[in-house]
Every structure is written in C-alpha cells, then in structure tokens.
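All residue numbers refer to positions in the sequence shown, counting from 1. All values reported here derive from a predicted model rather than from experimental measurement.
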Amino acid sequence: MAKKWYVIHTYSGYENKVQTNLLHRIESMGMQDRIFDVFIPKESVTDIKQGGRKVTSDKKVFPGYILVQMELDEDSWYVVRNTPGVTGFVGAQAKPVALSRSEVDRIRKRVSAGPKQRTLSDFTEGMAVKVTAGPFADFDGVVSEVNADQGKVKVMVAIFGRETPVELGFDQVAKL
C-alpha cells in the first residue's frame with residue numbers, strides 16, 4: 001500500500017490542536033507505520049501597518065484543513081476520523097480522495113516561498129495626508145488613488161500652486 005496525502009477538515013481555528021491530538025493518537029495507538037506526517041500549510045506574511053511598521057506572521061494557507069500523509073486502511077482511517085476536532089476527510093464520504101503528487105508539490109512550493117508582502121491600508125480616496133519621507137517630505141496632499149496590491153497611493157500635492165500627482169508607498173505618508 002502506498003503512502004499518500006489526504007486532506008482532513010477540522011473546526012476552523014483548531015488546526016494546531018487537531019495536529020497535536022492526532023500526533024498523540026498516532027503515538028498511543030502505534031500507528032507510526034501507517035500515518036507518517038501531519039502538516040498544516042502555513043506561509044509567512046509581512047503586513048505593512050500604518051506608518052510603515054512591518055509585522056511578519058504565519059498565516060494558514062487553508063484555514064480549517066490539515067494534510068495527513070498515510071497509508072489508507074480501515075485502522076488508519078479510524079484513528080484520523082475519530083480524532084477530536086476532525087470533522088471528516090475531504091472527498092467521498094465512503095472513501096477519502098488522495099491529493100495528486102502535483103497538488104502536494106504546489107502546496108509545498110507555496111509554503112517554502114519567502115514571506116509574502118501584504119499591505120493593510122486604511123487610506124481612502126479624498127483623505128488628507130502628510131508626506132513623511134522622500135523628496136516631498138512635509139508636503140500635505142489628498143489621496144487620489146489607492147493601489148493596495150502594490151502598497152502605493154497617488155497623492156495630489158500642491159507644488160508651485162499646481163496640483164501634481166505623486167506616487168508614494170504606504171510607508172511614505174501618514175493621515176492628517
């Protein structure tokens with residue numbers, strides 16, 4: 001029998017507890033020869049908070065789901081299925097469906113990639129801001145466009161009496 005990866009559905013927010021419970025059950029029931037790995041896919045995410053402060057944290061890629069590498073038989077299925085916090089396997093009710101090798105590789109690649117940069121912005125169009133860094137530091141302006149994906153805002157700054165659009169990073173402006 002081949003060892004394959006299966007997806008387990010858990011109560012959302014209980015993934016770490018389920019992983020601990022399952023590892024304990026594998027140990028206590030002597031299933032190490034049939035259940036090999038319990039894996040919660042996580043990725044590092046760097047959030048850029050207001051004022052340019054960077055906060056890096058681990059976020060679950062699939063909240064409410066855990067991957068388990070095992071040889072599927074009645075005993076191993078029973079151990080996993082009856083672990084506290086597990087609501088079931090993903091797939092048909094009668095028989096769980098294993099992930100393909102390419103799906104597992106894609107998940108592993110995503111998890112092993114470096115931290116993803118994500119920006120949390122409360123900037124909105126029409127908001128008055130002060131430029132805090134760069135050649136336009138200390139200028140006041142009004143946000144005309146917000147690009148959250150790139151972490152940038154377009155600010156209309158009055159230079160020599162004319163409104164001029166200036167593209168700045170979230171970390172270069174502050175709310176007034």
Write out all pairs satisfying salt bridge (Lys or Arg N to Asp or Glu O under 4.0 Å) with one or both partners inside residues 17-31, taking only residues at least two apart or from two chains. none
Whether D105 and R101 form a salt bridge (side-chain N of Lys/Arg under 4.0 Å from carboxylate O of Asp/Glu) is what I want to check. yes
Treat each ILVMFWY residue as a node, draw an edge where side-chain heavy atoms are under 4.5 Å apart, and state whether V142 and V173 are in one component. no
Quick one: CG on L23 to OG on S28, what's the gap to the nearest 0.5 Å? 11.0 Å
Tell me whether W77 is reachable from I35 by hopping between hydrophobic residues (I, L, V, M, F, W, Y) whose side-chain heavy atoms are closer than 4.5 Å. yes
Are more than 12 heavy atoms from other residues, nucleotides or ligands located less than 6.0 Å from atom CD of Q32? yes
Inter-residue atom distance F123.CZ - N147.CG, 0.5 Å rounding: 13.0 Å
Note: R110-E43 ion pair, threshold 4.0 Å (strictly below): yes
Output all residues satisfying salt bridge (Lys or Arg N to Asp or Glu O under 4.0 Å) with E163, sequence neighbours left out; order by chain, then residue number. none
Rounded to the nearest 0.5 Å, what's the gap from CD1 on I8 to OG1 on T83? Could you check? 8.5 Å
Quick one: NE2 on H24 to CE on M29, what's the gap to the nearest 0.5 Å? 10.5 Å
For D37, is there an ion pair with K4 - N to carboxylate O distance below 4.0 angstrom? no
Contacts table for residues 60-69: side-chain donor-acceptor under 3.5 angstrom, sequence neighbours left out:
none

By side chain to side chain contact (heavy atoms under 4.5 Å, CB included) - contacts of R162 (at least two apart): none
Report yes if some heavy atom in the side chain of V111 is under 4.5 Å from a heavy atom in the side chain of F39; otherwise report no. yes
Where is the tightest heavy-atom contact between P84 and N21, given as atom of each residue plus distance? O-ND2, 3.5 Å
Is there a path from I26 to F36 through hydrophobic residues (I, L, V, M, F, W, Y) whose side chains come within less than 4.5 Å of each other? no
State, with a plain yes or no, whether a side-chain heavy atom of T124 is found less than 4.5 Å away from one of V143. no
Under 3.5 Å, side-chain donor or acceptor atoms of residues 125-136 against the rest of the protein: list the pairs with distances, not counting sequence neighbours.
| from | atom 1 | to | atom 2 | distance (Å) |
| --- | --- | --- | --- | --- |
| K130 | NZ | D140 | OD1 | 3.0 |
| T132 | OG1 | Q172 | O | 3.0 |

Main chain of K154, side chain of S144: is a donor-acceptor contact present, judged purely on distance under 3.5 Å? yes
Contacts of type ring pair (Phe, Tyr, Trp, His ring centres under 6.0 Å), residue Y14, not counting sequence neighbours: none
Evaluate the side-chain contact (heavy atoms from CB on, under 4.5 Å) criterion for residues V86 and L22: first the C-alpha distance (whole Å), next the side-chain angles of each, then the deciding distance (0.1 Å), finally the verdict. CA-CA 9 Å; V86 171; L22 185 53; 5.7 Å; no
Measuring only between side-chain heavy atoms, which start at C-beta, is R34 closer than 4.5 Å to M31? yes
Is there side-chain contact between L72 and P96, with at least one heavy-atom pair below 4.5 Å? yes
Cluster check I40, M70: I/L/V/M/F/W/Y, side chain < 4.5 angstrom: yes
If we only count heavy atoms from C-beta on, is the F170 to V146 side-chain gap below 4.5 Å? yes
